[in-house]
Amino acid sequence: MNFVKRAGRSLRARKSKTAVVLGIFVVISTLQLGGFLLQGTAARQEADAQRDIGVDVTVQSSGLTSEVADRIGASPLVSRYNPLLVLTAGAQGLKPLESELPQPGGKGDDEDKGKGPLAVNGVKDSGLLLPFSYGSNKILTGRAITSADAGRKVAMVEQRLAKKNGLKLGDTIGVKSADGQRTLQTKIVGIYQDAMPGPAQWEHPSKLPGNVLYVPVATARELSPGTRHLAEAVFKVGSPELAKQLHDEVEKLLGAESFEFRVNDKAYNDQVRPIQQVGAFAGLIVWLIALAGALILALIVALQIRERRDELGMLLAMGEKKWKLIAQHTAEVAAIAVPAVLLAAVIGQVPAPFVGEALLSGRTGAPRMTVGLADLGKVAGIGLGISVVATALPGIGVLRLHPRSILASGE
């Protein structure tokens, strides 16, 4: 008789033992499927976190111009970047804030002579500036300046300056170059709050936090066409490892000794590292379960082979080959593994969302856990692997069986 048919008949004849093996396989498959679901969810969460949080890299150099920043920002390693062009400007139809403290000596420092009362920061993406990305500066009304504002005359003003002048969204303010030769009319698109209080001593108006305007880089350059060097540029990359690669690219452009390269990965470590640890833990659990399952099933198969010595001896006496006996046991276990995987696919949907919520929620949003064909394929593959291992180990004992000794011991 074909060993596959014998395997089917054996499973039907031993229904209680088949049910026990099926139950064990369902538990193993469910735990493995949960592990794969958790791994996949952690991977998606990590990718989302790398895109949304990432790592901020700040580059400062005397040779850093907008053109150089654009070349670095064009790197495939960079998802967003922000050059910062800093200058001072005058005001038209606008009263800048002034220090309420007495001016020492009746005059300002020599370095402040010729400066306008407003500090103008030319940016490409204000959301990448550390005060805004980490919350010390907050937009109260309106919006931030983005790359879409490159050709527009728009501005963000601080709430103290807006309050003093009765400014609101949509108002237009005049900004003059420090030499008074050029005047630009800019439209207010955002009003923000700077948490930094006024200085404890008299400062030039351009150094007061309430007098800081944010405008697109091109607008700032129009106020001072001769200004080419950037104060800094911030680049967002996906991970600290990519930041190291970006360092090499910056070094090729600016030279090894002529730039400062700062990596701010605190938010990344706070949000992404725990997700990576959950994914690694899930992977470890999957393989520990597979190993434990293989050992448990190997023990059960070994006990079954011991109970079925008479059957095996009879088959060997009839000329059945030993490898077919091992194949029969493998087919029996594998036939149980297939429905176990299908049952696990149904059962595993119930606890998986709760486990994912407990381990991953609160980091980068609600986890999305769904059973896919790839996950089922992995569980099925491991199940079949367990079937082979669980029967191969006891199969060594089958190879050592001799029909005469088995039948003689049964008399």
In Å, rounded to the nearest 0.5 Å, how long is the span from [atom1] of [X] to [atom2] of [Y]?
X: Thr186; Y: Leu223; atom1: OG1; atom2: CG; value: 9.0 Å
X: Glu158; Y: Leu208; atom1: CD; atom2: CG; value: 10.5 Å
X: Asn137; Y: Met196; atom1: CG; atom2: CE; value: 8.0 Å
X: Leu118; Y: Leu213; atom1: CG; atom2: CG; value: 5.0 Å
X: Gln92; Y: Leu184; atom1: CD; atom2: CG; value: 10.0 Å
X: Asn121; Y: Ser126; atom1: CG; atom2: OG; value: 10.5 Å

Taking the six-membered ring for Trp, is the centroid-to-centroid distance between Phe132 and Tyr214 below 6.0 Å? yes

For [X] and [Y], indicate whether the former's side chain and the latter's backbone hold a donor-acceptor pair under 3.5 Å.
X: His229; Y: Thr65; result: no
X: Thr219; Y: Val215; result: no
X: Ser79; Y: Lys236; result: yes
X: Ser61; Y: Phe259; result: no
X: Ser136; Y: Pro131; result: yes

Identify whether the distance between the nearest side-chain nitrogen and carboxylate oxygen of Asp149 and Arg143 falls below 4.0 Å. yes

Distance-minimising heavy-atom pair for [X] and [Y]:
X: Gly63; Y: Val68; answer: O-CG2, 3.9 Å
X: Val57; Y: Ala243; answer: CG2-CB, 3.9 Å
X: Ala233; Y: Leu64; answer: N-CD2, 3.7 Å
X: Gln159; Y: Leu140; answer: OE1-CD1, 3.4 Å
X: Ile173; Y: Ile188; answer: CG2-CD1, 4.0 Å
X: Pro209; Y: Asp194; answer: CB-OD2, 3.7 Å

Just checking Glu100: does its CD atom have more than 12 heavy atoms from other residues, nucleotides or ligands closer to it than 6.0 angstrom? no

Would you say Glu98 has more than 12 foreign heavy atoms packed within less than 6.0 Å of its CD? no

With heavy-atom distances below 4.5 Å as the criterion, would you say the side chains of [X] and [Y] are in contact?
X: Lys164; Y: Leu97; answer: yes
X: Gln193; Y: Arg160; answer: no
X: Leu130; Y: Asn264; answer: yes
X: Val250; Y: Lys252; answer: no
X: Leu253; Y: Arg71; answer: yes

Glu222: which of Arg182, Lys176, Lys153 passes salt bridge (charged side-chain N to carboxylate O under 4.0 Å, His left out): Lys153

For Thr58 and Glu232, which I'm curious about, is there any donor-acceptor pair between the side chains at under 3.5 Å? no

Check side chain to side chain contact (heavy atoms under 4.5 Å, CB included) between Asp70 and all other residues, then give those that pass, not counting sequence neighbours. Tyr81

